[in-house]
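Encoded as structure tokens, the structure appears first; notes follow it.
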Protein chains: 2
Amino acid sequence: MSVGIKDVAIAAGVSPATVSRVLANRHVKPELRERVETAIRLTGYRPNLSARRLRSQHSNTIGLIVPDIRNPFFTTLSRAVEDAAYKANMRVVLCNTDENPTRETMYLRLMQEERVTGVIYAPTRETAAQLDRLNFDFPVVLVDRHGPAGKHDSVILDNRQASATLVEHLHSRGFKSIEGLFGNTSSTARDRFSGYTEAMNDRALTPRADFVAPNADAATVAARQILSRKDRPEALIASNGLILLGVAQAMQELGLQAPDDIAIAGFDNEIWTGLIGSGITVIEQPVADIGHSAMRLLFERIETPEMAPRVVMLSGKLIERNSSKRPG
Amino acid sequence: MSVGIKDVAIAAGVSPATVSRVLANRHVKPELRERVETAIRLTGYRPNLSARRLRSQHSNTIGLIVPDIRNPFFTTLSRAVEDAAYKANMRVVLCNTDENPTRETMYLRLMQEERVTGVIYAPTRETAAQLDRLNFDFPVVLVDRHGPAGKHDSVILDNRQASATLVEHLHSRGFKSIEGLFGNTSSTARDRFSGYTEAMNDRALTPRADFVAPNADAATVAARQILSRKDRPEALIASNGLILLGVAQAMQELGLQAPDDIAIAGFDNEIWTGLIGSGITVIEQPVADIGHSAMRLLFERIETPEMAPRVVMLSGKLIERNSSKRPG
DNA sequence: AATAGAGCTGAAAAGGTTTTCAGTTTTCTG
DNA sequence: CAGAAAACTGAAAACCTTTTCAGCTCTATT
């Protein structure tokens with residue numbers, strides 16, 4: 001049986017309450033404090049977090065619900081979230097939904113049972129749509145994706161703007177037929193699609209878009225098809241890092257080079273995008289900022305629950321590389 | 001105030017014990033069971049995991065302690081661990097140590113306070129060395145790295161063999177001066193270094209090795225130096241994915257091409273290694289397998305604690321690509 | 001028909017901590 | 001130096017479950 005606060009109390013000749021107070025750094029006479037501290041050291045006492053949480057009603061745990069930690073965007077995000085969490089003396093429970101609404105509701109239920117302090121959450125469009133019907137008893141901050149307009153704290157990229165920037169960039173380089181390959185599950189992909197479409201229309205260009213499950217394999221399949229079409233576009237935009245990876249893979253299979261055979265641009269400034277060929281033009285997201293902002297919003301929400309929901313919108317940054325150079 | 005098991009009991013006209021039994025799927029008369037179930041539905045009851053854990057002494061939580069989730073090896077590993085965990089109805093608490101022994105001990109302590117069911121752990125060499133002096137009251141399975149020989153369950157790659165394979169491969173392609181760039185914190189890097197050195201000696205080649213903090217930035221700096229030396233080697237081996245990334249980046253900065261200017265080979269078959277230039281030769285690790293094996297070992301250890309420690313050693317697979325072709 | 005056993009249920013204890021409450025000691029104020 | 005306030009401490013309640021124990025109702029066996 002492991003040593004509890006009671007054993008420490010006996011060893012130090014004080015009451016359990018006093019030990020608890022020493023642990024919580026509350027006022028207790030130096031002499032007693034010292035006795036307790038050595039007792040703790042001697043007994044090797046470690047607090048039982050379950051008991052502590054049960055009594056204090058603070059779980060000191062935050063949930064992080066993302067589609068897939070292997071998506072580099074979410075990898076980096078998770079790291080930022082964890083750093084902030086552990087600084088605030090909180091644990092992080094990580095959940096991968098695979099963009100599957102069933103798993104999402106299961107995890108949200110789990111968060112409830114865990115009595116988490118708060119949740120950072122990148123929902124699918126499907127679940128996001130009914131987000132205000134669900135009523136969580138913990139604060140939620142959406143990241144990367146938004147819910148019903150203005151109802152929830154969220155931190156997202158200005159996706160329309162970012163897409164428009166890519167179109168503008170490609171257009172200014174002389175490309176006219178610009179196709180887009182977008183994810184089919186997130187509000188983010190949808191926003192990027194809108195931004196793309198608007199920007200194309202603004203320039204009297206004809207948008208053409210495809211939607212695909214947001215993972216590299218599915219993207220490879222789709223890209224293969226697009227790239228081998230007779231009316232292959234002059235330029236192709238990929239709506240996130242995994243899709244971009246799929247496109248790059250398809251191009252390699254087909255022996256195509258950017259920008260000679262087709263121009264390429266995408267999202268997420270992963271290191272490899274700078275190394276592949278002579279570099280792929282991308283929109284860089286301030287991922288770590290997004291994570292930190294989300295945690296800040298979460299903590300502030302916890303402090304003042306009645307505050308009106310806030311949306312933090314950050315801007316992407318165009319990183320021009322060779323894949324979008326004017327051909328020939 | 002949230003609804004507890006008591007409220008459900010009252011609503012169903014039974015005792016809390018009965019509700020608990022319904023929840024745990026123990027024998028209770030169908031009629032009562034149904035009454036309880038509708039009461040649960042009506043009240044929207046969610047069990048309180050802290051209370052449950054406190055009483056039952058089962059945390060159903062496993063800890064995952066890794067250097068950095070952004071290292072793609074550990075990203076994939078974490079995903080495998082989580083999948084297995086959630087299938088077994090367990091949560092995962094994720095910890096990044098940044099190869100920092102202080103953070104390691106802090107997290108190990110946390111695991112103790114959390115009363116975790118078990119831990120999957122990739123220790124630094126420093127902590128690994130004193131692993132048998134520490135006495136955990138939870139089972140630990142080491143991954144990717146080993147502790148004092150044969151004292152702990154662990155799942156690792158046959159690192160010596162893998163390194164030797166790379167040397168053999170490069171040598172058979174005609175390279176003689178083969179340098180190695182290794183991480184400086186893990187037993188794994190050390191083993192890969194040993195394998196490299198032995199294989200070089202076996203072939204009467206002179207080994208030359210450098211050690212560096214296992215992250216891309218540090219590797220870039222080191223690689224830059226190696227690559228701009230007058231006596232630059234004919235081939236360079238990188239001991240993990242991040243270091244390989246650093247090497248690739250340095251080469252690009254310096255305008256060097258593989259295999260024309262220098263041959264390159266490394267570890268971890270990340271997708272980009274197949275896309276960069278005309279592909280980088282790597283040793284592929286069965287990462288998902290490693291994760292699953294680790295979880296299997298962990299569960300078996302929990303079931304039969306007195307079993308002798310087991311070491312599972314998996315083989316890497318050489319993926320030959322263009323970066324190690326015989327130069328022009 | 002009596003008895004053993006199985007199945008089912010509820011009361012109450014237990015799990016390890018924090019927190020409240022009340023009481024005691026110390027310090028401060030005038 | 002008296003009295004008030006502040007600081008400190010311990011006993012006991014509370015947090016929400018699961019589990020033990022004992023009792024009760026059936027069924028099955030002899």
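Residue numbers begin at 1 in each chain, while the letters A, B, ... track the order of the sequences. What you see is a predicted model, and the numbers here were worked out from it, not measured in a lab.
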Would you say Thr61(B)'s side chain and Ser59(B)'s backbone share a donor-acceptor pair under 3.5 angstrom? yes

Kindly say if Gln57(B) contacts the phosphate of dT17(D), meaning a side-chain N or O under 4.0 Å from OP1 or OP2. no

Nearest to the Arg52(B) side chain among dT9(C), dG10(C), dT18(D), which nucleotide is it? dT18(D)

Would you say Ser20(B) places a side-chain N or O within less than 4.0 Å of OP1 or OP2 belonging to dT18(D)? yes

Please state how far atom CZ in Arg35(A) lies from atom C1' in dG10(D), giving the value in whole angstrom units. 13 Å

Can you tell me whether the side chain of Arg115(B) and the base of dG15(C) have a donor-acceptor pair closer than 3.5 Å? no

Pick the nucleotide of DNA chain C nearest each of Arg21(A) and Lys6(A); which residue has the one closer to the 5' end? Lys6(A)

Quick check on DNA chain D: between Pro30(A) and Pro16(A), whose nearest nucleotide comes earlier from the 5' end? Pro30(A)

Please determine if a side-chain N or O atom of Thr18(B) lies less than 4.0 Å away from the OP1 or OP2 oxygen of dG10(C). yes

Nearest-angstrom distance from the residue atom CG of Asn25(B) to C1' of dT18(D): 15 Å

Glu113(A) with Arg109(A): basic N within carboxylate O range, under 4.0 Å: no

Of the listed nucleotides dC16(D), dG16(C), dC8(D), the one nearest the side chain of Lys29(A): dC8(D)

Side-chain contact check for His27(A): nearest option of dC8(D), dC8(C), dG16(C) is dC8(D)

Any donor-acceptor pair under 3.5 Å from Ser154(A) side chain to His146(A) backbone: no

Separation of dA12(D) atom P from Ile5(A) atom CD1, nearest Å, is 17 Å

Between Ser56(A) and dT18(C), does any side-chain N or O lie under 4.0 Å from OP1 or OP2? no

Rounded to the nearest Å, what distance is computed from the CG atom of residue Asn60(A) to the P atom of nucleotide dT18(C)? 12 Å

Could you tell me whether Glu104(B) and Arg145(B) have a side-chain N and a carboxylate O separated by less than 4.0 Å? no

Given atom CG of Leu23(B) and atom P of dT18(D), what is their separation to the nearest angstrom? 6 Å

When you check the phosphate oxygens OP1 and OP2 of dT19(C), does a side-chain N or O of Arg26(A) lie under 4.0 Å from one of them? yes

So do the side chains of Pro67(A) and Asp98(A) get within less than 4.5 Å of each other, counting heavy atoms only? no

Do Val92(A) and Leu94(B) come close enough that some side-chain heavy atom pair is under 4.5 Å? no

Side-chain atoms of Asn48(B) come closest, of dT17(C), dT17(D), dG15(C), to dT17(D)

Report yes if a side-chain nitrogen or oxygen of Arg55(B) is closer than 4.0 Å to either non-bridging phosphate oxygen (OP1 or OP2) of dA14(C); otherwise report no. no

What nucleic acid atoms does Leu49(B) come within less than 4.0 Å of, heavy atoms only: base, sugar-phosphate, or nothing? nothing

Between Leu54(B) (CG) and dG16(C) (P), how many Å, whole number? 7 Å

Asp7(A) CG to dG15(C) P: how many Å, rounded? 11 Å

Grab the CD1-C1' distance between Ile10(B) and dC16(D) for me, whole Å please. 14 Å

